[in-house]
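Heads up, the thing below is written out as structure tokens.
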2 protein chains.
Amino acid sequence: MLKLTKKADYGLMALKYLAEHPEMPALSAKDIADAYGIPAQLLAKILQRLTKTGLLRSHAGMNGGYALSRDARKISAYEVIHDIDGPFFITSCTKGSKSCELTPSCTIKEPLARVNDTIAGVLKSISIHDLAEYESPAAKPREAHGLVSLTL
Amino acid sequence: MLKLTKKADYGLMALKYLAEHPEMPALSAKDIADAYGIPAQLLAKILQRLTKTGLLRSHAGMNGGYALSRDARKISAYEVIHDIDGPFFITSCTKGSKSCELTPSCTIKEPLARVNDTIAGVLKSISIHDLAEYESPAAKPREAHGLVSLTL
DNA sequence: GCCTTTTTGGTCAGCTTGAGCATCGAATAT
DNA sequence: ATATTCGATGCTCAAGCTGACCAAAAAGGC
């Protein structure tokens, strides 16, 4: 449960890969797909989508490919997920912040909306640069990056 | 994306309803289903599952039904979701904490696992009692309930 | 000027997963 | 003991997502 889509995962992986190779002016979808062993055609669509939303710059032709449109530190994981999968809400009620149609049902949505906002805040505080920088799983005395308060 | 299952939603709603009616020794699945206008047979399955995991006590026969096995303050939203949908992970890699099979792919899983833990912490800090208490959507100067630190 | 490389867009089959329904079994009150 | 009420189990159907194929446009290199 509460899983991220494979598309979102692939998108994050691709952006991380781009952030790790700033020396390359552009990387093709196939290069990234081969590097991670993920389906190339699916990744291509994801990158196209991210290009449309403005996170990436595409360059067709030989030696073409994709490149980050901004600094990796300025791109949050939230943006990527949001652009790929659309706005996410914890509640099954697909409606944004309105109540569940006509039924007086979901009195739980409201507190869960707070949780939703908290999660969104956490994702917003994480940048692609953070993902790329995270390498050695041992010995990382980093300071607290985000401190999220949940006021129920 | 990142939605909760309808089952989990229904389960939370049912527990909230039980917490709001402590005077009743037991409430039938049909009563709760009618109160919220949700499919009765589906809710029955959910309540049965929660009974199996120990969150609820069932009482068959006439005037039977379900009741909370513990105080509503001692039941967290995390438990409910976990018992219904199983352990959730943000990453698509269904494997628990191991890496993605053989590929050196998911270097992003690790930081996302932190996010996952953060979300779990938030859900653990919310009890069924909190859900039931939350009534008037206006004027609730409540103190901060959970303060979650995310160390990336 | 032609050709290769790479993006772009549309379409479609296969599959996993969740939603919902019908039936069978158990327990209690009269 | 019987009938009613409720819980348990199994099954079917639909939807969303994944993944792939194909054709066309764009842009640089020879």
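Because the structure is a prediction, the values reported are computed rather than measured. So you know, we letter chains A, B, ... as the sequences are listed, proteins then strands, and number each from 1.
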(request) Give a yes/no answer on whether the side chain of A/Tyr10 brings an N or O atom under 4.0 Å of OP1 or OP2 in D/dG19. (result) yes
Please list, one pair per line, the donor and acceptor atoms closer than 3.5 Å that link side chains of residues 55-69 of chain B to other protein atoms, with sequence neighbours excluded.
{"from": "B/Ser69", "atom 1": "OG", "to": "B/Gly54", "atom 2": "O", "distance (Å)": "2.7"}
{"from": "B/Ser69", "atom 1": "OG", "to": "B/Leu55", "atom 2": "O", "distance (Å)": "2.9"}

(message) What is the distance, to the nearest angstrom, from the CG atom on A/Leu43 to the P atom on D/dT18?
(response) 13 Å
(request) Find the distance A/Ile46:CD1 to C/dT6:C1' and express it as a whole number of Å. (result) 17 Å
(message) Measure CD1/B/Ile84 against P/C/dG18 and give the value in whole Å, please.
(response) 12 Å
(request) Only counting residues at least two apart or in another chain, list the ones meeting salt bridge (charged side-chain N to carboxylate O under 4.0 Å, His left out) with B/Asp71. (result) B/Arg73
(message) Taking side-chain contact (heavy atoms from CB on, under 4.5 Å) as the definition, give me every residue that meets it alongside A/Pro39, ordered by chain and number, with sequence neighbours left out.
(response) A/Tyr10, A/Leu42
(message) Does any part of the side chain of B/Ile32, heavy atoms only, come nearer than 4.5 Å to the side chain of B/Leu18, both counted from C-beta?
(response) yes
(request) Please name all residues satisfying salt bridge (charged side-chain N to carboxylate O under 4.0 Å, His left out) with A/Arg49, sequence neighbours left out, ordered by chain then number. (result) none
(request) Grab the CG-P distance between B/Asn63 and D/dT4 for me, whole Å please. (result) 15 Å
(message) Please report the distance, rounded to the nearest Å, between CG in A/Leu42 and P in C/dT8.
(response) 15 Å
(request) Only counting residues at least two apart or in another chain, list the ones meeting salt bridge (charged side-chain N to carboxylate O under 4.0 Å, His left out) with A/Lys30. (result) A/Asp34
(message) Nearest whole Å is fine: how far is D/dT5 P from B/Met62 CE?
(response) 6 Å
Polar-atom pairs under 3.5 Å, protein N or O versus N or O of nucleotides 7-9 of chain D: list them with distances, or write none.
{"from": "D/dA8", "atom 1": "OP2", "to": "B/Tyr66", "atom 2": "OH", "distance (Å)": "3.2"}
{"from": "D/dA8", "atom 1": "N7", "to": "B/Gln48", "atom 2": "NE2", "distance (Å)": "3.3"}

